[in-house]
Amino acid sequence: MLEIKNLQVSYGCIAALHDVSLKVEQGRIVTLIGSNGAGKSTTLRAISGLVRPTAGAIFYNGQSIGGRPAHQLVKLGLAHVPEGRMIFANLTVHENLMMGAYLQRDKAVIQRELDFVFTTFPRLKERDKQVAGTLSGGEQQMLAIGRALMSQPRFLMMDEPSLGIAPLLVKTIFEKVVEINRERGITILLVEQNANLALEISHRGYVLETGHIILEGDSASLRKNTDIERAYLGR
Amino acid sequence: MAEFLQQLINGLALGAIYALIALGYTMVYGVLRFINFAHGDVFMLGAFAGYYLAPLVNRCLPAQSYLGGAIVLVLAMLICAVLGMLIEFLAYRPLRNRPKLTVLITAIGVSLFIEYSCQHEAIFGAAPRKFPDLIPTTAWHFWGLVLSSNQVIVLATTLLLLGGLSYIVKRTRIGTAMRAVAFNEQAAALMGVNINSIISFTFALGSALAAAGGILFAMNYASIEPLMGVQTGLKAFIAAVFGGIGNLPGAALGGGILGVIETYAGGIPGLSNYRDGIAFAILILVLLFRPAGLLGKQQTEKV
Ligand SMILES: Nc1ncnc2c1ncn2[C@@H]1O[C@H](COP(=O)(O)OP(=O)(O)OP(=O)(O)O)[C@@H](O)[C@H]1O
Ligand SMILES: [Mg+2]
């Protein structure tokens with residue numbers, strides 16, 4: 001579904017990604033782990049069109065999308081829950097969700113998606129009219145995911161959904177990620193610092209280190225890998 | 001008492017015009033975080049559009065009819081909406097990712113360019129012109145007050161436009177997108193929002209309001225010239241800062257208050273020549289205590 005070949009990204013003259021290649025098969029959950037500053041967010045930002053790659057190629061369903069502006073990719077079914085959630089704090093929960101469905105003009109479809117988001121995250125329904133900036137961190141994360149789902153994505157990228165959220169809620173969020181993947185058939189690329197949990201729910205994993213992929217494999221085998229254990233799993 | 005009320009009416013009629021212009025400054029600041037110094041000139045262009053449109057409209061409609069006046073107003077707003085989008089597209093868009101100071105200086109350049117090319121004989125010429133009477137004018141006298149029909153038109157049109165703007169910004173899809181872009185451009189792009197079209201739309205909206213302000217101003221002050229936007233534009237900008245830059249109700253409120261203060265200051269015997277000085281002294285005092293403006297968020301800007 002998604003394939004990246006020798007991706008290179010620089011901010012000014014500082015290279016953030018040197019050579020990243022990865023592949024996400026349809027229907028899978030793939031996780032990208034790595035320490036702070038490794039380039040995980042940059043990888044997602046390059047895929048969703050927020051930054052332009054300096055070299056390399058990105059293919060989405062066989063179509064080259066590298067360097068295309070972000071707003072054009074939403075139509076193709078790409079959605080990105082960015083790092084730090086980036087909800088519209090000045091809009092209500094409802095308006096945030098409507099922004100997620102910005103390109104959808106069919107009211108019936110919007111209502112159907114809204115119902116689906118509310119079944120996944122009932123809390124959002126209770127807060128429908130609340131200004132999003134006043135939501136708790138966990139609720140904001142649900143809103144960020146819900147907002148992305150409103151665009152009916154086929155491919156969903158999530159950047160550290162567990163960041164700054166209570167452990168109990170992290171578990172719920174991860175269950176929802178699995179549910180979204182299984183029941184809706186949405187392919188997921190998940191970036192996480194919480195490598196343990198991420199490898200538990202994913203099919204495949206990539207380990208990124210200072211802009212290079214240093215390891216890849218199916219998640220079960222990565223969890224057994226002693227290098228990863230020491231570096232990321234904290235055992 | 002009658003004097004007090006009379007000045008209030010005059011002040012509000014002037015403040016309404018400041019408010020209409022101030023909204024454009026504040027909306028553009030909201031999405032692009034820079035001050036479009038050419039905005040006052042769009043106000044001037046609106047007045048001139050009305051000046052040239054009036055005789056054309058009068059070919060089909062009797063002169064000084066309300067319908068004719070409304071048509072002139074709407075057409076001038078449309079013309080300036082297009083001009084506003086054009087200014088953004090030609091002058092500001094190529095500099096989108098440059099430092100804000102670069103864009104700011106460009107805005108000053110655009111402003112000077114418009115002002116001085118319009119003074120050329122081939123365009124408008126520098127001499128003031130008499131603005132045609134668009135609508136029949138009367139005045140009502142009651143309780144010792146004078147209320148001119150033009151003042152009523154100014155206030156009514158402004159309220160109507162503010163209502164329309166509020167509806168667009170709060171209730172429509174594109175208005176929600178405008179607020180989303182103002183808050184976080186990248187997140188809005190991830191929703192599929194084409195930032196460039198939202199920015200164009202913002203310029204169109206602000207410029208249309210400035211054009212309406214230009215025509216209402218010309219109706220009340222009768223004479224127009226290419227530099228008329230300099231001082232009025234500056235005052236409207238200050239009104240926007242006073243209300244809290246980036247805040248729409250703040251711009252409307254700031255405009256209204258500035259108009260009223262200025263009018264009262266002008267009515268103080270012996271001090272009427274200092275009315276701008278007095279008005280701005282009061283604004284500076286208020287800003288000392290509320291640096292973010294009346295309705296602005298009292299916090300440091302997000303990065
Ligand atoms: N806007 C930017 N300008 C300059 N450098 C940047 C920018 N964004 C990221 N970088 C740099 O690029 C590198 C990769 O950053 P990135 O945000 O992709 O890391 P990450 O793996 O997501 O880290 P974290 O786990 O902390 O979120 C870092 O060295 C960072 O300092
Ligand atoms: Mg990151």
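All values derive from a computational prediction rather than experimental measurement. Per chain, numbering begins at 1; letters A, B, ... match sequence-line order.
Side-chain polar atoms of A:Gln130 and A:Thr92 form no donor-acceptor pair below 3.5 angstrom. Between the side chains of B:Asn36 and B:Tyr29, no donor-acceptor pair of N or O atoms lies under 3.5 Å.
Proximity of the aromatic rings of B:Phe43 and B:Phe217 is defined here by a centroid distance below 6.0 angstrom, and this criterion is met. Taking the ring centroids of B:Phe37 and B:Phe237, they lie under the 6.0 Å cut-off.
No cation-pi contact links A:Arg127 to A:Phe121, judged by a cut-off of 6.0 Å to the six-membered ring centre and 45° from its axis.
Below 4.5 Å, heavy atoms of chain B meet heavy atoms from A:Ala70, A:His71, A:Val74, A:His80, A:Pro82, all part of residues 68-82 of chain A. Taking non-hydrogen atoms and a 4.5 Å limit, the residue list of residues 93-110 of chain A in contact with chain B, ordered by number, reads A:Glu95, A:Met99, A:Gly100, A:Tyr102, A:Leu103, A:Arg105.
No part of A:Arg85 comes within reach of chain B, as not one of its non-hydrogen atoms sits under 4.5 angstrom from that chain.
Options A:Ala144, A:Ala89, A:Ser48 differ in how many heavy-atom pairs under 4.5 Å they form with chain B, and the most are formed by A:Ala89.
If you take CG on A:Leu208 and CD1 on A:Ile33, they are separated by 10.0 Å, rounding to the nearest 0.5 Å.
At distances below 3.5 Å, at least one donor-acceptor pair connects side-chain atoms of A:Thr120 with backbone N or O atoms of A:Phe116. One N or O on the side chain of B:Thr158 and one on the backbone of B:Val154 form a donor-acceptor pair closer than 3.5 Å.
Under 4.0 Å is where a charged nitrogen must lie from a carboxylate oxygen, and between A:Glu113 and A:Arg184 at least one such pair does. Taking 4.0 Å as the cut-off between side-chain N and carboxylate O, B:Lys235 and B:Glu262 count as a salt-bridged pair.
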